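So the structure is just underneath, and the comments pick up after that.
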There are 2 protein chains.
Amino acid sequence: MGLKRTTINDLAAKLKISKSTISKAIKGYPDVSEKTRKKILKLAKKLNYKPNSIASSLRTHQTKTIGVIVPSVVHDFFSKVIDGIIQEAENNNYLVIILQSGEQADLEEKQLNLLKNKQVDGILLSVSNETGVKERLNKVLEKGIPVVLFDKIIKSFDCSKVIIDDKKAAYDAVCYLIHKGYKRIAHFGGVLTAQNSIDRFLGYKQALIDNNIPYNPDLVYVNPNNDDINDGYLNAQKMLKEHTNIDAVFAITDLIAIGVYKYFNKINIKIPEDIAVFGFSNWLVSSVVTPKMSTVNQPSFEMGKKATEILIDEIKKMNNDIEFSFQKVVLPTSLIIREST
Amino acid sequence: MGLKRTTINDLAAKLKISKSTISKAIKGYPDVSEKTRKKILKLAKKLNYKPNSIASSLRTHQTKTIGVIVPSVVHDFFSKVIDGIIQEAENNNYLVIILQSGEQADLEEKQLNLLKNKQVDGILLSVSNETGVKERLNKVLEKGIPVVLFDKIIKSFDCSKVIIDDKKAAYDAVCYLIHKGYKRIAHFGGVLTAQNSIDRFLGYKQALIDNNIPYNPDLVYVNPNNDDINDGYLNAQKMLKEHTNIDAVFAITDLIAIGVYKYFNKINIKIPEDIAVFGFSNWLVSSVVTPKMSTVNQPSFEMGKKATEILIDEIKKMNNDIEFSFQKVVLPTSLIIREST
DNA sequence: TATTACAATTTAAACGTTTCTATTTTTCTT
DNA sequence: AAGAAAAATAGAAACGTTTAAATTGTAATA
């Protein structure tokens, strides 16, 4: 078994200096003379002393760790968000614990508790689609630890949030389609327990209304199984069975759109000549399919970075008993027009 | 500020029972009577007592946390590996800290130190491409904490490893191409500091030799910038400038192959009629491009799961001073033949 | 030179567990 | 019913820091 790590006591013993002085020297407190500080730092380096962060955490109630819960990590968008989180955290000397809820509210609740127990300094959360999430959140998070919600938020939960304007993004996309001349536009959406599904649906609807196209609920298809590609495929099939005059599909995710591609491809419907397809999120896949897919660019890395920035700021403020108010940051999106529309 | 958490002392005070008994009751030790255990558990539940894991870690030197370093999280393959890691860890009550090396050896070293300081119980690592990584690893990891290498390993580093047989997988892919009748097969590989780049190259070469096709180093292109899609594109361009009779490309990653697709597409070279393309890893993209790409299926989730399983096993053994020897697990790959070959 | 102020250092307690050892209580023998 | 053995509980130290309060040393002031 490995040698014992050097502790502050070892240094103290070797130097015959009290450990409080050692601690202060290491942490750069002003109240230790240059002479002793030099001596201490020198030996610390020589013995490769690294403060034991666990002990420090116990004493200070800070772990320099933040917890992240996302529905899934195998996800172009979330993986980029996580990239942003990890990088911003690292820049601020925080480490990141990642958990996947798999869209299950119970698991999410359990994980929240886990993180609290682990005493993370703050939590970054993109909530699951299930209902009753707010109550669960409230149960776990009776103030005391900063939480920032991102992307999949709960509107009424009182904390900082980083999102995009889903409604506007969807509105813009559908307006674009309309201005391109498409009139019978179907919407392949998500379950309406998720705020961003709701907002994207609302944007779709509003765009129709504002352009004097009657909104027809029959043209809205919800993906049933949370299995995007397959659901897109199935719904495309269903849609074509039910309607013959659709000229465009606005999908809530690129993956659903890919499913649509697959079915259209199979039965030889040409995109965009026969039916146009518009995706959402700008996953890597959207840029490599044929035809290249039009989609909504959703800042992902930036979202992770910003959410982390806010969280760390709140952690610091809370530690110093500085008042702060919750922020709501809306990141800009843009349409990426490619060949599918 | 939130209420103070309940501690073992609170329970002890309320119940007038010593905290050692409380601790034992909570942890299910046999040496406490049923009667008192019940009493303790009841109050613990009532006051929502959760043992402070930091304090426990300080005492036991266990954090129930494992550290993971991968080159990047925004990566179809690695994200799936991480999925496997997180799930297996969670099943064993471990949390996972994730760090990205960005293929930079210094950062990797720094992160290794970070994790050690954080006292993670074990480390899962997929090393960066840079040279000198072994020395750095040795420096940081003088035994004392279990490490399992996966996918991108260092052959000579003494620890458990979970990999695929890169050489064989590449060999099989190239043999397949040859049996399909392709004769002038180029290889788009990676820098030869990475073991899997080396092995895939070796497999390519061996397949040619075993099939009586002369190996021609001019047909091997290394991606220069670690920017797969673009590198694939650039090398495709370069290759066609230098050779006119290539009939197939075996790429070391799907992303490089996608780059090749892009260039071929641009200059109107038909896949597979003019030139076939074979990828590696079975990223989502490979299944949605046109034509669908033949590739090597690389178990990703399983790799993460297995590596974690081994790591946790070693952690346990080490804690109990049980001897163990390092394992080398080679996960099976398979060819996925689609339309590009 | 005594007094005061300030700088440097030390002491001691605390953070919340776990676990070894000691003590008390209960149960079992004879 | 006394003594031994076993079971249950308690005590105390330890894990490695941080920090408020106390102490010592040094320099400045009158």
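A, B, ... follow the sequence lines: proteins, then strands. Residue 1 opens every chain. FYI, side chains are in, hydrogens and waters are out, and symmetry mates aren't considered; it's all heavy atoms of this structure. This structure is a prediction, so every number in the text was calculated from the model and none was measured.
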Next item on the list: Grab the CD-P distance between A/Gln62 and C/dC15 for me, whole Å please.
Entry: 17 Å

Check: To the nearest Å, how far apart are A/Asn117 CG and C/dG16 P?
Finding: 13 Å

Next item on the list: Not counting sequence neighbours, which residues clear salt bridge (charged side-chain N to carboxylate O under 4.0 Å, His left out) with B/Lys305? List them please.
Entry: B/Glu88

Item checked: Interatomic distance, B/Ile22 CD1 vs D/dA10 P [rounded to whole Å] -> 8 Å

Next item on the list: Only counting residues at least two apart or in another chain, list the ones meeting salt bridge (charged side-chain N to carboxylate O under 4.0 Å, His left out) with B/Lys64.
Entry: none

Notebook entry, point to check: By side chain to side chain contact (heavy atoms under 4.5 Å, CB included), which residues pair with A/Ser56, not counting sequence neighbours?
Noted result: A/Thr60

Notebook entry, point to check: What residues form a salt bridge (charged side-chain N to carboxylate O under 4.0 Å, His left out) with B/Lys317, not counting sequence neighbours?
Noted result: B/Asp313

Check: Atom CG of B/Leu15 to atom P of D/dT9: distance rounded to whole Å?
Finding: 12 Å

Item checked: Strand contacts (DNA chain D) in residues 46-58 of chain B, 4.0 angstrom heavy-atom criterion -> B/Leu58

Note to self: Output the rounded distance in Å from CD1 (A/Ile8) to P (C/dA14).
What the structure shows: 19 Å

Can you give me every donor-acceptor pair (side chain of residues 14-21 of chain A, partner residue at least two apart or in another chain, under 3.5 Å) with its distance?
unit_1  : atom_1 : unit_2  : atom_2 : d
A/Ser18 : OG     : A/Ser20 : OG     : 3.0
A/Ser18 : OG     : A/Thr21 : N      : 3.4
A/Ser18 : OG     : A/Thr21 : OG1    : 3.2

Notebook entry, point to check: Pick the nucleotide of DNA chain D nearest each of B/Lys16 and B/His61; which residue has the one closer to the 5' end?
Noted result: B/Lys16

Margin query: Just to verify, what does A/Glu34 make a salt bridge (charged side-chain N to carboxylate O under 4.0 Å, His left out) with, not counting sequence neighbours?
Written below: A/Arg37

Note to self: Please check this pair: side chain of B/Ser126 against backbone of B/Asp151, looking for a donor-acceptor N/O pair closer than 3.5 Å.
What the structure shows: no

Next item on the list: With sequence neighbours excluded, tell me which residues meet ring-ring contact (aromatic ring centres under 6.0 Å, His included) with B/Phe77.
Entry: none

Tell me which donor-acceptor pairs under 3.5 Å the side chains of residues 106-117 of chain B have, and how far apart each pair is, sequence neighbours excluded?
unit_1   : atom_1 : unit_2   : atom_2 : d
B/Glu108 : OE1    : B/Ser128 : OG     : 3.4
B/Glu108 : OE2    : B/Ser128 : N      : 2.7
B/Glu109 : OE1    : B/Arg136 : NH1    : 2.7
B/Glu109 : OE2    : B/Lys139 : NZ     : 2.9
B/Gln111 : NE2    : A/Glu90  : OE2    : 2.8
B/Gln111 : NE2    : B/Gln100 : O      : 2.9
B/Asn113 : ND2    : B/Glu109 : O      : 3.4
B/Lys116 : NZ     : B/Val140 : O      : 2.8
B/Asn117 : ND2    : A/Pro51  : O      : 3.3

Notebook entry, point to check: What are the residues of residues 33-41 of chain A, sorted by number, that bring a heavy atom to within less than 4.0 Å of DNA chain C?
Noted result: A/Ser33, A/Thr36

Quick test: give all pairs of protein nitrogen or oxygen and nucleotides 19-24 of chain D nitrogen or oxygen below 3.5 Å, distance rounded to 0.1 Å.
unit_1 : atom_1 : unit_2  : atom_2 : d
D/dT19 : OP2    : A/Tyr29 : OH     : 2.6

Checklist line | Length of the CG-C1' vector between B/Asn9 and C/dA13, whole Å | finding: 14 Å

Next item on the list: For the pair A/His75 and A/Phe78, name the ring-plane relationship: parallel under 30°, tilted 30 to 60°, perpendicular over 60°.
Entry: tilted

Next item on the list: Kindly indicate whether the side chain of B/Val96, heavy atoms from C-beta on, has any atom under 4.5 Å from the side chain of A/Ile98.
Entry: no

Next item on the list: Look at the side chain of A/Asp31 and decide which nucleotide, out of C/dT9, D/dC15, D/dT17, has an atom nearest to it.
Entry: C/dT9

Notebook entry, point to check: Does some side-chain heavy atom of B/Val70 sit less than 4.5 Å from a side-chain heavy atom of B/Val81?
Noted result: no

Note to self: A/Leu137 and side-chain contact (heavy atoms from CB on, under 4.5 Å): which single residue from A/Leu125, A/Val147, A/Ile123 fits?
What the structure shows: A/Leu125

Next item on the list: Quantify the bending of the helix from C/dT1-D/dA30 to C/dT30-D/dA1 as the angle between its end axes, each fitted on five pairs, to 10°.
Entry: 50°

